[in-house]
Amino acid sequence: GEDVEQSLFLSVREGDSSVINCTYTDSSSTYLYWYKQEPGAGLQLLTYIFSNMDMKQDQRLTVLLNKKDKHLSLRIADTQTGDSAIYFCAESLSGYSTLTFGKGTMLLVSP
Amino acid sequence: NAGVTQTPKFQVLKTGQSMTLQCAQDMNHNSMYWYRQDPGMGLRLIYYSASEGTTDKGEVPNGYNVSRLNKREFSLRLESAAPSQTSVYFCASTDSAPYEQYFGPGTRLTVT
């Protein structure tokens, strides 16, 4: 069955890099996504990666995908206090538009 | 473009009452979804509609019904609310691959 696991909490200092990790179990995942949720708001798509890619970079965000280990990570460079939020990893399977979400990682950035 | 809109933003119900949560999108997306978010549980899919005229159960459909009224609108109905349905409800929509889902701001529902 599908399962997406994330660590629950990460604390960093402003200016440091943050790395949020995710593991998934289904090898037929087609796309993997990172979403951000700020307090009291809905989820905002940050980025996604196609399963045949190893890396994707978008400004301060770098996504790394290790298909062999079914491991996905999101690196945020020069983390700011505005990056404090819950980050969700999600996967979609081939041919399906439904997503399976992890439980979310709360990122706390201190000044 | 407003994206995905949800009404109401907040609602308090008594056990046994019914209500309908409304969702609309203006992005001409084919697929729409209803999720609930509970502390420590992440997002769980209640129902989805892959295209106008179709609906399917997700992970936690019991106690809910849905209607895909047209391509824009997808409503979620609680016929007889229970305290276990206290949650934050999110609507989302997407189109073709890579199936980026766009979320509404959520409805915070409390059942007493």
Side-chain angles (χ1 to χ4, degrees), chain A residues 1-9 20 22-26 28-53 56 58 61 63 65 72 85-107, chain B residues 2-7 9-10 21 23-25 27 29-52 54-61 66 68 74 87-108:
Chain A
E2 310 153 21
D3 202 8
V4 178
E5 302 277 348
Q6 300 178 237
S7 52
L8 292 182
F9 186 74
I20 302 171
C22 171
T23 58
Y24 59 98
T25 56
D26 203 308
S28 59
S29 295
T30 307
Y31 295 95
L32 294 128
Y33 311 81
W34 284 105
Y35 282 84
K36 176 184 180 183
Q37 184 181 33
E38 295 180 357
L43 276 70
Q44 171 196 357
L45 178 68
L46 288 177
T47 188
Y48 68 90
I49 188 167
F50 188 48
S51 57
N52 68 355
M53 297 169 66
K56 182 176 181 181
D58 184 359
L61 305 179
V63 178
L65 176 60
L72 182 74
I86 301 176
Y87 291 79
F88 290 92
C89 168
E91 64 172 353
S92 71
L93 303 183
S94 178
Y96 293 92
S97 68
T98 56
L99 303 187
T100 300
F101 286 84
K103 291 183 169 52
T105 299
M106 180 176 288
L107 174 65
Chain B
V4 180
T5 56
Q6 293 183 236
T7 55
K9 286 189 167 45
F10 300 94
L21 282 65
C23 173
Q25 51 91 9
M27 296 172 282
H29 285 167
N30 285 315
S31 304
M32 298 184 73
Y33 308 82
W34 277 106
Y35 295 91
R36 59 177 290 173
Q37 183 178 30
D38 302 293
M41 298 296 292
L43 273 82
R44 292 182 292 171
L45 183 65
I46 305 171
Y47 269 94
Y48 67 101
S49 171
S51 61
E52 190 178 354
T54 69
T55 60
D56 285 287
K57 295 178 181 178
E59 182 186 352
V60 288
V66 290
R68 183 74 183 266
F74 188 38
S87 188
V88 182
Y89 291 85
F90 289 102
C91 177
S93 70
T94 190
D95 208 356
S96 52
Y99 305 122
E100 305 150 278
Q101 290 192 11
Y102 293 85
F103 283 78
T107 294
R108 282 144 186 84

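Protein chains get the first letters and strands the later ones, always in sequence-line order, with residue 1 at the start of each.
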Closest approach of [X] and [Y], non-hydrogen atoms and distance?
X	Y	result
B:Phe90	A:Gln37	CZ-NE2, 3.4 Å
A:Tyr35	B:Glu100	OH-C, 4.1 Å
B:Gly42	A:Phe88	CA-CE2, 4.1 Å

Below 4.5 Å, heavy-atom pairs only: which of A:Ile86, A:Thr98, A:Leu8, A:Leu45 has the largest tally toward chain B?
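Most heavy-atom pairs within the cutoff with chain B belong to A:Thr98.
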With heavy-atom distances below 4.5 Å as the criterion, would you say the side chains of [X] and [Y] are in contact?
X	Y	answer
B:Arg44	A:Phe101	no
A:Leu99	B:Tyr35	yes
A:Gln44	B:Phe103	no
B:Tyr99	A:Tyr48	no

Does any heavy atom of chain A fall under 4.5 Å from the side chain of [X], the backbone, both, or neither of them?
X	result
B:Glu59	neither
B:Leu45	side chain
B:Arg108	side chain

So, using salt bridge (charged side-chain N to carboxylate O under 4.0 Å, His left out) as the criterion, who are the partners of A:Glu5 when residues are at least two apart?
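If we apply the salt bridge (charged side-chain N to carboxylate O under 4.0 Å, His left out) test to A:Glu5, skipping adjacent residues, there are no hits.
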